[in-house]
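Structure record follows, encoded as structure tokens.
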Amino acid sequence: MKDQLQNLLIKCIGDLIDQGVISEMPSKIRLDHTKDRSHGDYATNVALMLAKQANVNPKELAQTIIKQLGVAEFIEKTEIAGPGFINFFLSSESSSSVINEIIDSGKGYGVSNIGAGQSVLLEYVSANPTGPLHVGHGRGAAYGATVSNLLRTVGFKVDNEYYVNDAGRQMDILTVSIFLRYLELSGEKVRFPDNGYQGSYIKDIVGRISERYGDTFQIESTLVFDGICKDGIDGGDKESHIDELIARSKNLLGADFKSIFEVGIESILNGIKEDLADFGVVFEKWFSEQSLIDSGLAESSIDKLQKSKHVYTKDGALWFRTTEYGDEKDRVVVRDNGIHTYFASDIAYHLEKFERGYDKVINVWGADHHGYIARVKASIAAFNHDPEKLEIILVQFANLYRGGKKVQMSTRSGSFVTLEDLRNEVGNDAARFFYILRKSEQHMDFDLDLAKSKTNENPVFYIQYAYARISSVFRQVQDKGINFNHKGADLSLLLEESEKTILRELNRYRGVIETSALQYEPHQLAYYLRDLAAHFHSYYNACPFILEDQNLTQARLSLIYATKQVLENGLHILGVSAPDSM
RNA sequence: GCGCCCGUAGCUCAGCUGGAUAGAGUGUCGGCCUCCGAAGCCGAAUGUCGUGCGUUCAAAUCGCAUCGGGCGCACCA
């Protein structure tokens with residue numbers, strides 16, 4: 001409907017240009033759903049925009065435009081309002097026709113082909129596999145999964161990808177942490193390093209190792225600790241301490257070091273996968289950082305940079321001239337000790353991503369990574385790819401509050417609330433919904449006490465309740481033996497204010513899906529559903545649906561059936577269930 | 001010091017590709033179940049849209065400045 005009106009408007013302005021009333025097409029014609037129903041269904045500001053170049057006052061121009069527009073069967077009337085807006089009132093027939101469209105399309109209502117099958121690589125979460133996901137990761141997971149659903153709904157082909165940082169020093173630290181706990185649990189005296197991973201999940205991993213390998217790795221702990229420099233708390237340097245422990249452990253364990261590591265990473269990764277799957281977040285691809293090194297891609301991409309003279313040596317390290325592409329300083333790719341930096345892997349990873357030939361590459365990152373954008377884009381540009389094609393969405397942190405106090409989270413110290421805990425406390429639906437309710441740039445305060453103790457206040461229940469209520473009405477319909485069929489319904493009987501309001505909302509749905517998807521803003525959909533539910537609840541209290549008057553009954557049932565369908569489709573995109581009863 | 005994000009009702013936040021009287025939830029106060037689910041509805045009160053200047057017919061929305069909060073500025077990942 002909006003498209004028709006928009007086309008009509010564009011044609012009209014074209015005509016006026018031909019007539020010399022105005023000189024050029026405005027860059028953007030705005031035709032919006034009105035906020036206030038007294039302003040009609042749609043409003044445009046073209047007259048205001050063009051008044052200057054036409055050199056007449058806006059209201060006069062609006063008059064001219066309306067005259068030129070002529071009559072269309074779907075418009076009941078037009079009005080000039082305020083400083084020169086043109087308001088369009090749709091005929092009741094055209095606005096209620098959405099009911100049949102919705103019911104006939106069912107679960108497919110809202111699906112479109114705006115994306116035209118373009119392929120999208122969407123990377124998100126990508127939390128380091130050093131422990132279970134915590135509530136901070138949950139936000140990225142819920143956000144990414146919902147954006148993915150939205151993009152698919154509007155016709156993009158989306159691959160969800162998780163980048164697994166399974167290489168580098170942190171993996172060594174993880175392995176040593178497991179090893180030391182293993183020794184400890186087999187009775188050895190261990191002074192656990194400050195910098196080790198202290199979470200209880202490490203002990204679970206030790207359990208698996210014992211199952212698989214028994215006590216084959218057991219050695220006297222003095223062999224591990226003798227001669228190692230002091231830890232941080234003991235007045236030494238915690239970084240050197242753990243590095244020496246890593247070197248010693250590798251030495252003592254030989255190939256067994258890798259065995260321990262493999263059990264650890266597998267266990268953690270499986271945990272993460274299950275956790276996400278339970279949360280309704282499914283990744284098609286798990287991309288391993290180690291695979292970049294094993295395949296030689298990390299090495300070869302640096303070679304390429306060397307050939308194209310984008311790198312140079314300084315202070316024994318290899319530097320990438322990212323400043324050539326607008327970064328504030330050059331970045332080290334290979335350290336003076338010959339070890340690749342994390343950035344080196346990322347260069348290879350993004351090169352690899354681009355070479356897979358996606359139309360769009362999107363990264364969802366935590367806000368703490370924003371300083372990283374320039375260098376990654378630089379690396380893309382250095383390989384002669386278009387850095388603009390990489391879209392980076394920064395998701396701000398979720399701060400946790402408990403008892404009115406901010407909860408400090410650290411994987412290392414083990415002092416965090418896991419995503420699993422949260423899901424168990426508040427349920428998947430509430431968690432999914434709550435996470436995307438704030439736009440990604442907004443810092444989020446996640447009040448655990450509120451989420452746990454007052455779950456009924458969560459807006460997700462309000463929406464689900466609307467859905468359940470409608471389901472309940474249709475159970476009644478069935479019990480009473482009423483034969484509901486929207487096809488025969490006389491929708492012109494829907495004359496109540498609350499009915500017109502719901503019709504307006506239903507007409508908005510497709511537009512909401514479109515903007516939510518294209519702007520990567522799931523919260524817009526969440527707010528829409530909240531509004532739709534509110535209008536339904538209001539209607540529910542104002543009007544009975546099952547009445548003596550069969551025609552009115554059919555019309556009203558059609559309206560709420562369509563509402564139910566839109567609620568269902570919208571909730572589905574958000575990854576939230578739509579229960580028939582609660 | 002530099003960069004990014006945020007500053008809107010008591011609290012948590014929408015609105016921000018400029019548009020018509022600034023909106024929700026929650027909290028406070030007062031009503032509504034012999035009637036399709038009261039996890040609901042109806043009504044009331046509440047605002048220097050951080051501040052200042054500018055652009056514009058029109059600014060919460062755009063620009064500049066400034067104040068406040070968060071985060072980032074590694075040969076860590």
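Keep in mind that the numbers below use all heavy atoms, side chains included, and drop hydrogens, waters and symmetry copies. Quick note on labels: first sequence line is chain A, next is B, and so on, each numbered from 1.
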A:Tyr539 versus A:Glu499, side-chain donor and acceptor atoms under 3.5 Å
yes
B:G15 and B:C5, which share atom name P, separated by this distance in whole Å
16 Å
Please classify B:C33 as syn or anti, treating any glycosidic angle within 90° of 0 as syn.
syn
Base, sugar-phosphate alone, or nothing: which one does A:Asn337 contact when heavy atoms must sit under 4.0 Å apart?
nothing
Determine the interatomic distance between P on B:C49 and the same-named atom on B:U21; round to the nearest Å.
15 Å
Across the strands shown, which category fits A:His39 at heavy-atom distances under 4.0 angstrom: base, sugar-phosphate, nothing?
base
Within the structure shown, what part of the strands sits under 4.0 Å from A:Ser472 by heavy-atom distance: base, sugar-phosphate, or nothing?
base
Touch class at under 4.0 angstrom, heavy-atom based, for A:Asn87 against every strand present
base
Counting the atoms with a prime plus P, OP1 and OP2 as sugar-phosphate, which does A:Ala468 contact under 4.0 Å by heavy atoms, base, sugar-phosphate, or nothing?
base
Between A:Thr34 and A:Phe545, name the one whose nearest nucleotide on RNA chain B is closer to the 5' end.
A:Thr34
Is any side-chain N or O of A:His370 under 3.5 Å from a base N or O of B:G3, one able to act as donor and the other as acceptor?
yes
Remember a base hit wins even if backbone is also touched, and classify A:Leu48 as base, sugar-phosphate or nothing at under 4.0 Å, heavy atoms.
base
When the distance from CD of A:Gln442 to C1' of B:G15 is rounded to whole Å, what number comes out?
12 Å
Determine which nucleotide pairs with B:C32, using a 3.5 Å limit on both distances of a Watson-Crick or G-U wobble pair.
B:G40
Rounding to an integer number of angstrom, what distance separates B:G30 and B:G70 when you compare their C1' atoms?
41 Å
Please state the P separation for the pair B:G23 and B:C64 - nearest whole angstrom.
29 Å
Assign A:Arg331 to base, sugar-phosphate, or nothing according to its heavy-atom contacts below 4.0 angstrom with the strands shown.
nothing
Paired to B:C16 by Watson-Crick or G-U wobble criteria (both distances under 3.5 Å) is none
Looking at every strand, decide which applies to A:Asp368 at a 4.0 Å heavy-atom threshold: base, sugar-phosphate, or nothing.
sugar-phosphate
At 4.0 Å (heavy atoms only), tell me whether A:Phe85 reaches a base, stays on the sugar-phosphate, or touches nothing.
base
What does A:Lys439 touch in the nucleic acid at a heavy-atom separation under 4.0 angstrom: a base, only the sugar-phosphate, or nothing?
base
Does B:G63 pair with anything, Watson-Crick or G-U wobble, both distances under 3.5 Å, and if so, with which nucleotide?
B:C53
Suppose you measure atom C1' in B:C11 against the same atom in B:C73; what distance do you get, rounded to whole Å?
34 Å
Tell me whether the side-chain N or O atoms of A:Asp166 pair up with the base of B:A77 as donor and acceptor below 3.5 Å, since no angle test is needed here.
no
More 5' along RNA chain B: A:Ser581 or A:Asp315, using each one's nearest nucleotide?
A:Ser581
Under 4.0 angstrom, heavy atoms only, what part of the nucleic acid is A:Tyr540 near: base, sugar-phosphate, or nothing?
base
At 4.0 Å (heavy atoms only), tell me whether A:Ala43 reaches a base, stays on the sugar-phosphate, or touches nothing.
base
